[in-house]
Amino acid sequence: MTTTGEERERGFDHTAIEPHWQAAWEDADVFRIDDGAEDPEYVLAMFPYTSGSLHMGHVRNYTITDAFARFERMRGENVLHPMGWDSFGLPAENAAEERDTNPRDWTMQCIDSMREQLTEMGFGYDWEREIATCEPEYYQWNQWLFKRFREEGLVERQGAELNWCPSCETVLADEQVEEGEAPEVPHGDGGAVEVCWRCDTPIEHREMDQWFFTITDYAEELLGALDDLDGWPNNVREMQRNWIGKQEGASVAFEIPGYDEVDIFTTRLDTIYGATYFSLAPGHPVAQAIAEDNDEVAEYIEMAEQADEDDLDVTSGVFTGEYAVNPATGEEIPVYVADYVLTDVGTGALYAVPAHDDRDHEFAEAHDIDIVQVVEPTEDADADPDDIDVQEAAYTEDGVLVNSGEYDGLHSEDARETFVEVFDGEHRTEYNLRDWGISRQRYWGTPIPMIHCDDCGYVEVPDEDLPVELPEFVHTTGNPLDAAEEWKHVDCPDCGGDAVRETDTMDTFVDSSWYFLRYTSPDFEDAPFDTDRASDWMPVDQYVGGIEHAVMHLLYARFFTKVLDDGDLLEGVREPFTNLTNQGMVLGEDGHKMSKSRGNGVSPQRIIEEYGADTARLFIMEAAQPEKELAWSAEEVQSAHSFLQNVYRLADDYAAGAVATDEADDIADYVAREIDATAARATEEYEGFRFNHALQAVRELVSLLRRYEDATTPDADVLERGITTAAKLLAPVAPHVGEEIWERLGHDGLMAEAEWPRAEAPADYAVARRLVENTREDVRDIVDTVGIENPETITLAVAPEWKHRVVDIAREADNVVPAVMQNEELQQYGEAAADFAKDLAGRAQYDETLSPAGERAALERAAWLVEREFDAEVIVLSAEEADESLAKKAEPGRPAIDIES
RNA sequence: GCGAGGGUAGCCAAGCCAGGAAACGGCGGCGGACUCAAGAUCCGCUCCCGUAGGGGUCCAAGGGUUCAAAUCCCUUCCCUCGCACCA
């Protein structure tokens with residue numbers, strides 16, 4: 001049992017109120033945003049893949065955006081908070097196979113079910129903007145955009161060696177390949193292998209013709225603009241920088257007599273005089289050419305291509321018998337084919353400098369190759385040139401050149417510049433980023449709008465024939481599009497002859513690269529989106545989603561945005577997402593990632609049934625800041641639930657007239673100030689995405705209100721304002737309970753549309769609070785230390801005006817005691833002033849304090865708390881009223897305390 | 001190896017950017033109120049010593065700057081994540 005009968009009777013019943021208010025929001029169109037709205041706050045969660053059920057990660061993600069959207073809406077902002085479905089993709093095909101249905105029906109069922117679950121969570125979306133990427137109304141624009149990209153020269157068809165997953169029977173992008181555990185291979189030393197990100201099957205490599213978006217054309221801007229994305233987490237920016245992987249260097253041609261000139265790429269052209277051998281990647285054309293006449297080389301290449309990457313030693317390689325001419329020294333250096341040289345890095349060929357590169361050094365030692373030092377530390381470097389022995393270890397720092405002919409003494413940096421000219425090379429920038437292969441040999445995706453004609457080659461499907469819709473799904477082992485004979489055979493749009501459609505579909509990351517633009521005009525028929533509105537509403541102000549999309553999705557979306565902006569489909573939108581938050585993982589109660597195998601998963605559905613959506617939302621938001629990981633905790637869920645019931649009961653009792661009320665007094669002032677301070681604090685925390693702090697402030701306020709109601713005869717206006725404020729501050733996170741309270745208190749309309757509380761802390765709030773808290777602590781301290789059993793009277797006396805003046809002087813003066821004693825007005829206090837000045841002189845700092853009257857007022861407002869705690873009378877006195885012996889102990893910020901029992 | 005982010009009381013975790021109170025909050029533990037009792041709720045305490053608000057030692061370790069350091073700087077150790085035979 002989670003709720004007692006009594007609680008249910010007096011509290012709210014989530015199974016009744018949640019559907020009720022969900023319907024009320026729907027009826028009132030609360031979350032709808034008008035097309036004419038000007039530059040709304042765009043709050044977006046990464047749309048879900050249509051797996052059919054929400055998991056806790058989704059719930060957390062969408063609770064964050066929903067709470068923020070509701071907060072902004074209550075503050076009077078226009079808010080765009082849409083939802084849609086990332087609904088193309090392989091799993092739907094698998095599910096269709098398993099269940100003897102088709103991907104479309106399966107996906108549509110999943111969407112219906114997930115939409116219902118989102119609604120049950122109380123998430124407020126503008127459902128009129130709902131999109132599903134698997135609908136022709138959406139994916140036709142993928143096709144249209146593909147053609148526009150092609151016009152811009154951003155589409156290429158290239159043969160490429162691609163990652164092939166034998167289990168999914170599909171091509172994978174590099175980003176979809178992960179390092180995984182090697183399966184049970186007898187001789188395996190546990191080395192990592194490349195596996196499919198979805199099914200963990202080790203991947204193979206195949207050479208195929210593919211469609212590519214040439215994202216590398218934008219590499220430089222994608223990289224550079226990261227610096228200005230201040231609203232993004234550093235780690236995501238860093239991951240993108242790594243992925244783009246810019247390297248600046250130079251390329252220089254080496255001659256290998258009998259073969260072509262070979263271009264190398266290097267970032268250390270300054271070390272060229274130290275090049276003592278030359279290395280080719282096994283996949284390099286010249287290596288292949290040499291292999292034709294050299295069995296040993298052929299064998300090595302064969303072996304290297306078969307081997308898993310990490311099986312081969314760093315020093316593995318084979319001497320080709322050929323020599324390259326070092327253009328710097330004119331010497332012939334041996335040419336090796338070595339696996340550590342990667343075909344797709346740089347030019348796939350390099351000159352090796354064992355003296356100044358760790359890998360080259362290791363290789364040279366293993367193959368007994370000369371090591372020649374050509375750089376030594378500069379005079380002001382940390383290292384002493386005499387300590388450097390490149391025979392032992394490579395010296396990889398920059399320095400000054402030696403053994404480099406006429407260039408000795410040149411600094412590395414200058415040498416790199418000079419040598420580009422001298423050796424007829426060129427400056428070159430290399431990127432790790434590859435072009436984006438979008439072809440997938442699958443059914444459930446966007447058909448690529450191309451037709452292949454034997455005479456005309458590849459021809460675009462004319463715009464008027466778009467969309468190219470998917471044919472009926474057929475169960476087949478290969479690609480169903482290949483089997484759709486009728487669909488596949490068409491007339492060539494150019495010559496009218498027999499032709500066939502492209503049977504590849506697009507990577508689903510194409511869908512998600514612009515969906516945030518479609519939300520701005522989901523029914524627009526002339527283009528993917530309305531340029532004016534999208535340009536006004538973009539960029540997304542708050543984008544929230546998982547870290548797993550740090551590179552692929554976010555980089556592709558940035559790429560699309562830039563291309564669209566350059567193509568004038570957008571105006572002045574260079575980046576899609578201003579602020580990005582990656583929500584942390586939801587862990588099971590055992591602190592481990594929720595998983596079926598561990599059996600530590602918690603189903604959102606069950607929590608909604610048992611405790612209600614508000615409880616789930618509140619727990620999630622209180623447990624940790626959005627970007628931190630969060631461990632499930634049954635106790636804390638329970639605690640969130642009871643808290644909501646308590647707040648509701650507080651409101652209910654008041655509304656039912658069960659609370660006796662009285663006129664305003666000091667206590668009411670105290671409570672009123674706390675209400676204002678809480679609103680101010682909570683607002684600031686909401687703005688900063690620190691929802692847990694905001695909610696903590698609300699809990700404190702509710703606790704105070706309950707004491708106020710319990711221990712005193714409260715002022716009706718103040719109590720009601722307190723309850724309303726607490727409920728409103730809670731409403732973004734627990735919206736159903738918020739509405740229920742709003743209604744109980746007799747308000748018309750919806751709290752979702754009500755005004756956010758005014759948020760200004762009272763003047764001197766922090767100082768007054770500190771005074772009160774310190775004083776309360778001191779009283780406790782005394783009672784406890786002295787062991788007073790039953791205090792009867794607690795007398796507090798604030799410091800006199802003149803002591804405040806002493807502090808003021810002390811604050812300014814270098815020499816406190818003389819400064820004070822020179823003050824004529826203070827001289828009348830004689831010894832006392834001198835003593836106090838001496839005390840102060842020993843202190844490093846003076847806290848801000850209230851005036852004597854301010855201190856007295858603050859203590860009087862808070863006296864009820866002390867009375868309640870100690871069950872004793874509390875008397876607050878000015879210095880003049882107090883007994884001389886007591887008053888003299890008071891200091892500004894620290895009243896004198898006398899306790900009688 | 002390179003890069004990013006961390007190491008705060010029994011545990012989780014704020015504070016650090018903008019230096020100024022043994023350091024928010026939660027969990028756990030202890031004591032008290034309410035109750036026949038339990039639960040729920042509420043009020044305290046929870047680094048050490050202390051019979052009037054005091055003293056001592058503290059924020060991974062060590063050093064430095066400062067009147068003053070969890071906060072700024074340097075060094076070392078450890079953790080987490082990302083990238084990586086990258087020429």
Side-chain angles (χ1 to χ4, degrees), chain A residues 1 3-4 6-7 179 233-247 249-251 264-269 271 279 281 309-310 312-316 338-342 344-353 356-360 362-363 396 430-432 547 550-551 591 622-625 627-631 633 635-636 638-639 642 645-646 649 690 692-693 695-697 699-700 703 706-707 710-711 770 773-788 814 842-848 865 868-871 889 891 893-899:
Chain A
M1 283 300 276
T3 31
T4 65
E6 193 190 354
E7 255 179 13
E179 295 213 341
N234 280 336
N235 62 332
V236 173
R237 292 197 280 175
E238 195 59 27
M239 283 161 81
Q240 295 211 348
R241 281 190 198 107
N242 281 335
W243 190 259
I244 295 167
K246 181 177 177 177
Q247 286 271 25
S251 65
I264 59 88
F265 174 75
T266 180
T267 55
R268 290 298 304 273
L269 191 56
T271 63
S279 255
E309 218 169 78
D310 292 331
L312 287 179
D313 197 79
V314 199
T315 58
S316 116
D339 187 59
Y340 83 88
V341 183
L342 305 178
D344 58 357
V345 172
T347 59
L350 54 81
Y351 67 74
V353 186
H356 303 291
D357 180 276
D358 290 325
R359 282 181 324 273
D360 295 348
E362 205 173 332
F363 191 91
T396 57
E430 286 284 318
Y431 298 92
N432 182 49
I547 186 72
V551 176
E622 278 188 314
Q625 288 178 25
E627 58 275 11
K628 299 289 172 67
E629 59 186 27
L630 167 167
S633 156
E635 286 95 24
E636 286 174 47
Q638 180 60 56
S639 150
S642 355
Q645 290 288 7
N646 286 338
R649 249 173 287 157
R690 293 176 300 265
N692 56 333
H693 292 174
L695 294 164
Q696 190 181 304
R699 275 198 188 241
E700 284 167 25
S703 163
R706 252 197 327 247
R707 269 175 287 166
D710 265 9
R770 168 145 292 184
E773 289 307 319
N774 281 349
T775 305
R776 291 179 67 191
E777 256 170 57
D778 283 345
V779 172
R780 275 175 213 135
D781 209 5
I782 293 166
V783 168
D784 188 51
T785 315
V786 180
I788 302 171
D814 292 331
R843 298 183 196 174
Q845 131 221 12
Y846 312 99
D847 285 336
E848 197 187 335
L865 291 167
R868 181 162 178 264
E869 184 173 337
F870 295 97
D871 195 20
K889 288 196 281 190
E891 287 179 19
R894 195 165 175 275
I897 299 168
D898 182 62
I899 300 172

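All chains are named by letter (A, B, ...) in the order of the sequence lines, taking the proteins before the strands, and each is independently numbered beginning at 1.
- Both Thr267(A) and Met239(A) sit near RNA chain B, but only Met239(A) has its closest nucleotide nearer the 5' end.
- Side-chain contact between Lys889(A) and Arg894(A) is absent, with no heavy-atom pair separated by less than 4.5 Å.
- Closest of all the heavy-atom pairs between Ala338(A) and Phe363(A) is CB-CE1, 3.8 Å.
- Comparing the P positions of A60(B) and C12(B) gives an interatomic distance of 14 Å, to the nearest angstrom.
- In terms of the side chain to side chain contact (heavy atoms under 4.5 Å, CB included) criterion, residue partners of Ser703(A) (sequence neighbours excluded) are, by chain and number, Arg707(A).
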Hey, what are the protein-to-nucleotides 29-33 of chain B N/O distances that come in under 3.5 Å?
none

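- For Ser639(A), the side chain to side chain contact (heavy atoms under 4.5 Å, CB included) partners two or more places apart in sequence, or in a different chain, are Arg699(A).
- For Glu869(A), the salt bridge (charged side-chain N to carboxylate O under 4.0 Å, His left out) partners at least two apart in sequence or on another chain are Arg776(A), Arg780(A).
- Atoms CZ (Phe870(A)) and C1' (G44(B)) sit 8 Å apart, rounded to a whole Å.
- The CG-C1' distance, from Asp357(A) to A84(B), rounds to 14 Å in whole Å.
- Ser279(A) and Tyr340(A) get closest at one heavy-atom pair: OG-OH, 4.3 Å.
- Regarding Asn432(A), its CG atom lies at a distance of 13 Å from the C1' atom of C85(B), rounded to whole Å.
- Here the shortest heavy-atom pairing between Val341(A) and Gly348(A) reads CG1-O, 3.6 Å.
- Straight-line distance between the P atoms of C78(B) and A23(B): roughly 33 Å, to the nearest whole Å.
- Using P as the reference atom, C27(B) and U35(B) are 25 Å apart when rounded to the nearest Å.
- OP1 or OP2 of C42(B) lies within a sub-4.0 Å distance of a side-chain N or O belonging to Arg706(A).
- Atom C1' of G62(B) sits at a distance of 41 Å from the matching atom of A52(B), rounded to the whole Å.
- In the set C85(B), C45(B), U41(B), C45(B) carries the atom at the smallest distance from any side-chain atom of Arg780(A).
- Distance, Glu627(A) CD to U80(B) C1': 16 Å, rounded to whole Å.
- Mapped onto RNA chain B by nearest heavy atom, Leu350(A) and Glu869(A) fall at different nucleotides, with Glu869(A) at the one closer to the 5' end.
- For the residue pair Asn692(A) and Gln625(A), the shortest heavy atom distance occurs at OD1-CG, 3.2 Å.
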Tabulate protein N/O versus nucleotide N/O from nucleotides 1-3 of chain B, keeping only pairs under 3.5 Å, one per line.
from: G3(B); atom 1: O2'; to: Glu238(A); atom 2: OE2; distance (Å): 2.5

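- In this structure Asp784(A) satisfies the side chain to side chain contact (heavy atoms under 4.5 Å, CB included) test with no other residue, sequence neighbours excluded.
- When side chains are defined from C-beta on, His356(A) counts as touching Thr271(A), because their heavy atoms get closer than 4.5 Å.
- With sequence neighbours left out, the side chain to side chain contact (heavy atoms under 4.5 Å, CB included) criterion links Ala250(A) to Leu269(A), Val420(A).
- Atom CG of Asp871(A) and atom P of G44(B) are 15 Å apart (whole Å).
- Nearest heavy atom pair, residue Leu630(A) against residue Ala624(A), reads CB-CB, 4.4 Å.
- Partners of Thr347(A) under the side chain to side chain donor-acceptor pair (under 3.5 Å) rule, at least two apart in sequence or in another chain, do not exist in this structure.
- The C1' atoms of U66(B) and C72(B) are separated by 10 Å, rounded to the nearest whole Å.
- An OP1 or OP2 oxygen of G5(B) is reached within less than 4.0 angstrom by no side-chain nitrogen or oxygen of Asn235(A).
- For Lys628(A), there are no salt bridge (charged side-chain N to carboxylate O under 4.0 Å, His left out) partners at least two apart in sequence or on another chain.
- Asn235(A) has its side chain within reach of Ile547(A): a pair of non-hydrogen atoms, C-beta onward, lies under 4.5 Å apart.
- Distance check on atom P: G15(B) versus A9(B) gives 16 Å, rounded to whole Å.
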Report task. Might you work through the side chain to side chain donor-acceptor pair (under 3.5 Å) test for Asp360(A) and Tyr351(A), ending with a clear yes or no? Result -> CA-CA 9 Å; Asp360(A) 295 348; Tyr351(A) 67 74; over 6 Å; no

**Report entry** Base versus backbone protein contacts along nucleotides 50-58 of chain B [heavy-atom cut-off under 4.0 Å; B, S, -]
**Finding:** BSBBS----

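- A straight line from CZ of Arg699(A) to C1' of C43(B) spans 17 Å, rounded to a whole angstrom.
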Contact list (N/O, under 3.5 angstrom) for nucleotides 7-17 of chain B vs protein:
from: A14(B); atom 1: OP1; to: Lys628(A); atom 2: NZ; distance (Å): 2.3

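- Among the protein residues, Arg707(A) comes within range of the sugar-phosphate backbone only, with heavy atoms under 4.0 Å from sugar or phosphate atoms but none that close to a base.
- Atom P of nucleotide G82(B) and atom CD1 of Ile244(A) are separated by 18 Å, given to the nearest angstrom.
- Comparing G26(B) with C81(B), their C1' atoms are spaced 26 Å from each other, to the whole Å.
- The residue Asn234(A) sits close only to the backbone: its heavy atoms come under 4.0 Å of sugar-phosphate atoms, none of a base.
- A heavy-atom distance below 4.5 Å is not found between the side chains of Asn432(A) and Ile244(A).
- Separation of the C1' atoms belonging to C79(B) and G31(B) is 38 Å when rounded to the nearest angstrom.
- For the pair Val783(A)/Ile899(A), a side-chain contact is recorded, criterion being any heavy-atom separation below 4.5 Å from C-beta on.
- For the pair Ser703(A) and C43(B), the criterion of a side-chain N or O lying under 4.0 Å from OP1 or OP2 is met.
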Query raised in the report: With Watson-Crick and G-U wobble geometry limited to distances under 3.5 Å, how should the secondary structure of RNA chain B be encoded in dot-bracket form, using | for bases paired to another strand and [ ] for crossing pairs?
Result: ((((((((.[[[..)....(....]]]((((((.......))))))(((....)))...[[[[[..)....]]]]])))))))....

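- Nucleotide G26(B) holds its C1' atom 16 Å from the CD atom of Gln638(A), rounded to whole Å.
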